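These notes concern the structure reproduced below.
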Amino acid sequence: MNRYAKRGLLESGPSSKDSAAGGKSAAKVPHAEPETEPAAIIADYWHAAKARYKRGDFPDYGSDDWKALPLEDPRKMAGLVAFAQMWLRFGDEIADDLNRQLTYPEPLWQRATTEACDKAFRDILARQQHRRKEAA
């Protein structure tokens, strides 16, 4: 009888001869399965969602990227929390704005072209470089 069997940790243990011969019979060590508490899962999820929210690392609520996220992804909750914060701050005005955008989307011919977006990006970069030169 080995030290594990003496302590009652083995249901049926191999003899020393059996272990030396390559272990023909397997030792069965009872061990507890790690139990995950539902409260711990929720706490971890909220912690991750809050961290994403603070970093701004989430897609906009209702966007295609947001819809594509699985429900258990903390970024989905972060987007929802951001939208809820906007709702608290702006009230029904935000709902009216969303309804207007969904009902009457901006016509394609009024949207910015790729060239206009590129020009705006170049202008932003030039301003940043100018500020860095002034700061140095």
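The chain is numbered in sequence order, starting from 1. As the structure is a computational prediction, the values presented were derived from the model and not from experiment.
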Flag the pair Lys76 / Pro70 as yes when at least one side-chain heavy-atom distance between them is below 4.5 Å, and no otherwise. no
With Leu125 as reference, evaluate Arg127, Arg122, Gln128 under the side-chain contact (heavy atoms from CB on, under 4.5 Å) test and give the passing residue. Gln128
Charged N to carboxylate O below 4.0 Å: is that the case for Lys119 and Asp123? yes
Would you say CZ of Arg55 has more than 12 non-hydrogen atoms from neighbouring residues, nucleotides or ligands within 6.0 angstrom? yes
Let me check something: do Ile42 and Leu80 share a hydrophobic cluster, defined by ILVMFWY side-chain heavy atoms less than 4.5 Å apart, either directly or through other members? yes
Could you report the tightest heavy-atom contact between Lys67 and Gly62, atom names first, then the distance? CE-O, 3.1 Å
Could you work out, with side chain to side chain contact (heavy atoms under 4.5 Å, CB included) as the rule, every residue matching Ile41, not counting sequence neighbours? Thr36
Shared ILVMFWY cluster between Leu69 and Phe58, side chains joined below 4.5 angstrom? no
In short, side-chain hydrogen bond (donor to acceptor under 3.5 Å, both in side chains) pairs touching residues 39-53 with sequence neighbours left out are Arg52-Asp57
